[in-house]
Colleague: 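My questions all concern the structure below.
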Amino acid sequence: MKVKLWRRAFAASMSAVMLLGLTACGGSNESSDGIKTFTMFTAMPGSEINDDNDVMNIIAEKTGAKLKETWLTGQTDAEAIGTIIAGGEYPDFINGGDAMMSLYDAGVLVPWDDYLEKYPNLKEMYTDKEWDNFRQEDGKIYWANVFQNTYGEDRATTHNDEAFWIQARVLEWAGYPEIKTLDQYFDLLESYADANPTMANGTKNIPYTALCEDWRYFCIENAPQFLDGYPNDGSVIVDKDTMQVVDYNTTPTAKRYFQKLNEEYQKGYVDVEFATQTYDEYIAKLSTGAVLGMCDQWWDFAYNVNDVFKQQGLDEQGCNYVPLGLTIDEGMENRWHTYADTLNNSSGVAVTTSCSDIDAAFKFMNDLLDQEIHDLRFWGVEGEDYLVDENGLYYRTDEMRTKCADPTYKASHLCSYSYMPQWLGTSRDGKNAMKSEQQTSEFMDGLSTPLQKVFAAYGVDSYVDMIGSVKEEEGPWFPMYSYSGSMTTATPGGVAWVKMGEVKHEWLPKVVMAPDFESTWNQYMTAYNAANPQDFLAEMQTELERRAGL
């Protein structure tokens, strides 16, 4: 244990050194060929691309600029942003995750207001009313969330949200049963694991795992809101009948959910390492194909794991995951999938005051939204990464798909600038999808045989159809996590929010592993109530009423 703690401390200290090294060279540099190089730090884990990356250089030639991206390593977003603020030097662009307010309070972000009118591609990302949601206390806009913006027609094929996931091979083995409840889900995992203790290569199957590390403990923490049939407001349930916020941590469903996890753990079906594994260890475990199921957001695992499956042929062994819209009891509607764009104004990309050419920075973001550049980012190079048929539709061959899933090829050739402004939906040509994974024909042609069988068996055409959520318009308050995500300890509600998170992070793994669930749950509830959740709920209720116009 001491060795692991030392390694973690060493990793954190090295991350601090790396961050200081990045920010010390804040400000864009211009090379002899007139191309500016901007720097960016994103408080999320990510993969750096090669300095001579092909698509990056093509974009640089067309826009006059390139971006050196650096990612979170060995720290939380708050720790990393705290290190940068303490150093006093900043990259040109920054996304601080849940620590954006710390950057705002430090006065190191550049207002967008004067640049939105100048750069129409940026302005187009949101309506005037939506841009107003990004305004801070001083009335100005300092960042923009780059995700969940649909241009034209919605082309969603994947369920990018949270779900209980299950491998295609498990469903095929069971004859494609209807799985609607949490109990049915675990019954199937148990049955399959009992009948198939190992994979074909001898690797032991893991019926269920979970991730508890840092902020990603949402993988174990927030399922009760979904199991009760509510959408992802993230921090509270909103009861539309009463217009009251509800604490999903203390509902009867929350207790039933954690008691079920406890039962499965005691029976040996939950991964014994779930409480201590890091995100990298979790992804490595999923990438073996041995994990039958878990609860997670698609974006948190799929972009890493699915490429490995394709490279190793595990996709054709049925290791890909499909989402299930589970509820706590049968006959309930589920709302796991959000059909419309979700406006999360609590974080996003920002330009810092250390940038030596602020206008060029905004111009670069604007240029990245030009259709030609957007195609390069999310489709690649025509003739190498995709082809165009006689009707003008983009497509890939099997060889291209395999190549684009290769980490080495991605590092040397592809460049999505994944935390810069971007679009979902339909290309400006009215035919193609903005992103390759949303091209209907490309999506279907790229499915492994086991996934094709799953979709055919259930009569669906996409992951969205597979989960079968209710289609309805969300209220003006949705999602409430866009407010709780910007809370600080300046208010009693913000203090309670931090303490509640600390208590849950500590106690939920204990609750799952406890030999005596009932007594441990009661201890957890005592610790939880000591965090004064009523202060948090009161502040959330006030915000709900403000957003709802009550």
Side-chain angles (χ1 to χ4, degrees), residues 162-164 179-190 208 210 212 217-267 269-270 274 293-295 324-336 467 469-470 478-481 484 496-497 499-501 503-538 540-541 544:
E162 192 164 346
F164 281 94
I179 306 297
K180 298 295 186 182
T181 69
L182 187 69
D183 287 340
Q184 292 169 354
Y185 176 71
F186 277 107
D187 285 347
L188 178 53
L189 294 182
E190 286 186 29
Y208 188 84
C212 301
Y217 82 107
F218 68 77
C219 295
I220 190 175
E221 177 264 346
N222 67 359
Q225 65 181 328
F226 297 110
L227 291 172
D228 266 334
Y230 291 95
N232 188 22
D233 269 299
S235 49
V236 292
I237 285 172
V238 175
D239 186 326
K240 291 183 180 180
D241 294 330
T242 64
M243 289 309 296
Q244 295 291 309
V245 299
V246 177
D247 188 352
Y248 64 72
N249 299 286
T250 58
T251 61
T253 292
K255 185 175 181 180
R256 288 176 61 184
Y257 161 66
F258 284 107
Q259 188 161 20
K260 185 63 178 179
L261 291 183
N262 177 273
E263 292 172 358
E264 296 299 323
Y265 182 85
Q266 300 304 327
K267 289 191 289 186
Y269 293 106
V270 173
F274 85 93
M294 72 287 179
C295 184
L324 299 175
L326 304 184
T327 54
I328 196 65
D329 293 313
E330 283 204 71
M332 300 172 63
E333 295 178 329
N334 94 74
R335 292 174 176 80
W336 288 85
I467 204 163
S469 292
V470 174
F478 185 85
M480 291 299 291
Y481 66 72
S484 57
W497 178 236
K499 290 182 177 178
M500 289 159 58
V503 169
K504 288 189 286 183
H505 200 272
E506 174 187 356
W507 276 93
L508 292 181
K510 293 180 182 179
V511 165
V512 173
M513 297 185 291
D516 184 342
F517 172 80
E518 197 67 35
S519 65
T520 306
W521 177 265
N522 291 335
Q523 292 175 56
Y524 161 50
M525 284 290 98
T526 298
Y528 182 78
N529 288 324
N532 298 320
Q534 67 275 7
D535 290 341
F536 167 72
L537 296 170
M540 294 299 286
Q541 181 65 37
L544 170 63

Colleague: Applying salt bridge (charged side-chain N to carboxylate O under 4.0 Å, His left out) as the test, list every pair that has at least one member in residues 226-254; sequence neighbours left out.
Modeller: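 As it turns out, the salt bridge (charged side-chain N to carboxylate O under 4.0 Å, His left out) pairs with a partner in residues 226-254, which skip direct neighbours, are K240-E472.
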Colleague: Using every non-hydrogen atom in the two residues, find where Y217 and G501 come nearest and quote the distance to one decimal.
Modeller: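 In terms of heavy atoms, the two residues are closest at OH-CA, 3.4 Å.
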Colleague: For atom NZ of K504, decide whether the heavy atoms of other residues, nucleotides or ligands shown that lie under 6.0 angstrom number more than 12.
Modeller: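 Count over threshold, so yes.
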Colleague: Could you tell me which non-hydrogen atom of M294 sits nearest to which non-hydrogen atom of Y185, and how far apart they are?
Modeller: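 Distance-wise, the nearest heavy atoms are N-OH, 3.2 Å.
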Colleague: Using 0.5 Å steps for rounding, measure from the CZ atom of F274 to the OH atom of Y208.
Modeller: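 Between F274 CZ and Y208 OH, I get 9.5 Å after rounding to 0.5 Å.
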Colleague: Using modelled atom types only, decide if a donor and an acceptor are shared between the side chain of N334 and the backbone of I467 within a distance under 3.5 Å.
Modeller: yes
Colleague: Tell me, with the steps shown, if L261 and Y265 meet side chain to side chain contact (heavy atoms under 4.5 Å, CB included).
Modeller: CA-CA 6 Å; L261 291 183; Y265 182 85; over 6 Å; no
Colleague: Take R256 and D183 through the salt bridge (charged side-chain N to carboxylate O under 4.0 Å, His left out) test and state the conclusion after the steps.
Modeller: CA-CA 10 Å; R256 288 176 61 184; D183 287 340; 5.0 Å; no
Colleague: Please report the interatomic distance CG(L227) to SG(C295), rounded to the nearest 0.5 Å.
Modeller: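 Spacing of CG (L227) from SG (C295) equals 7.5 Å.
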Colleague: Ignoring hydrogens and angles, state whether a donor on the side chain of E162 or N222 is under 3.5 Å from an acceptor on the partner side chain.
Modeller: yes
Colleague: Do any N or O atoms from the side chain of S469 and from the backbone of W336 form a donor-acceptor pair under 3.5 angstrom?
Modeller: yes
Colleague: How close do S484 and W497 get, heavy atom to heavy atom, and via which atoms?
Modeller: O-NE1, 3.3 Å
Colleague: Looking at every heavy atom in both Q184 and E330, which two are closest together, and how far apart are they?
Modeller: NE2-OE2, 3.2 Å
Colleague: List the atom pairs, donor and acceptor, that lie under 3.5 Å between side-chain atoms in residues 531-538 and the rest of the protein, sequence neighbours left out.
Modeller:
| residue | atom | partner | partner atom | Å |
| --- | --- | --- | --- | --- |
| N532 | OD1 | Q534 | NE2 | 3.3 |

Colleague: Please walk me through it: do F517 and E263 pass side chain to side chain contact (heavy atoms under 4.5 Å, CB included)?
Modeller: CA-CA 9 Å; F517 172 80; E263 292 172 358; over 6 Å; no
Colleague: Where is the tightest heavy-atom contact between M540 and S235, given as atom of each residue plus distance?
Modeller: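 Closest heavy-atom pair between M540 and S235: CE-OG, 3.3 Å.
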Colleague: Are more than 12 heavy atoms from other residues, nucleotides or ligands located less than 6.0 Å from atom NZ of K180?
Modeller: no
Colleague: Can you tell me which residue pairs pass the salt bridge (charged side-chain N to carboxylate O under 4.0 Å, His left out) test with a partner in residues 506-530, sequence neighbours excluded?
Modeller: K255-E518, E506-K510
Colleague: Under 3.5 Å, side chain of Q266 to main-chain N/O of M513, donor-acceptor pair present?
Modeller: yes
Colleague: Which distance, rounded to the nearest 0.5 Å, do you find between the OG1 of T181 and the CG of D187?
Modeller: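 If we round to the nearest 0.5 Å, T181:OG1 and D187:CG are 7.5 Å apart.
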Colleague: Any side-chain heavy atom of F186 sitting closer than 4.5 Å to one from L182?
Modeller: yes
Colleague: Under the criterion side chain to side chain contact (heavy atoms under 4.5 Å, CB included), I'd like the reasoning laid out for N249 against E221: C-alpha separation, chi angles, the key distance, then a yes or no.
Modeller: CA-CA 8 Å; N249 299 286; E221 177 264 346; 3.5 Å; yes
Colleague: Taking Q225 for the side chain and I237 for the main chain, is one N or O donor matched with an acceptor at less than 3.5 Å?
Modeller: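 A pair under 3.5 Å: no.
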Colleague: Is W521 reaching over with its side chain to a backbone N or O of V511, donor-acceptor style, under 3.5 angstrom?
Modeller: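 Absent.
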Colleague: Determine whether a donor-acceptor pair (N or O, by modelled atom type, separation under 3.5 Å) exists between the side chain of N529 and the backbone of M525.
Modeller: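 Checked: pair present.
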Colleague: If you compare all heavy atoms of Y257 against all heavy atoms of C219, which two are closest, and at what distance to 0.1 Å?
Modeller: OH-O, 4.3 Å
Colleague: To the closest 0.5 Å, what do you measure between OH (Y248) and CZ (F226)?
Modeller: 8.5 Å
Colleague: For the pair L189 and Y269, evaluate side chain to side chain contact (heavy atoms under 4.5 Å, CB included) and give the outcome as yes or no after the intermediate values.
Modeller: CA-CA 8 Å; L189 294 182; Y269 293 106; over 6 Å; no
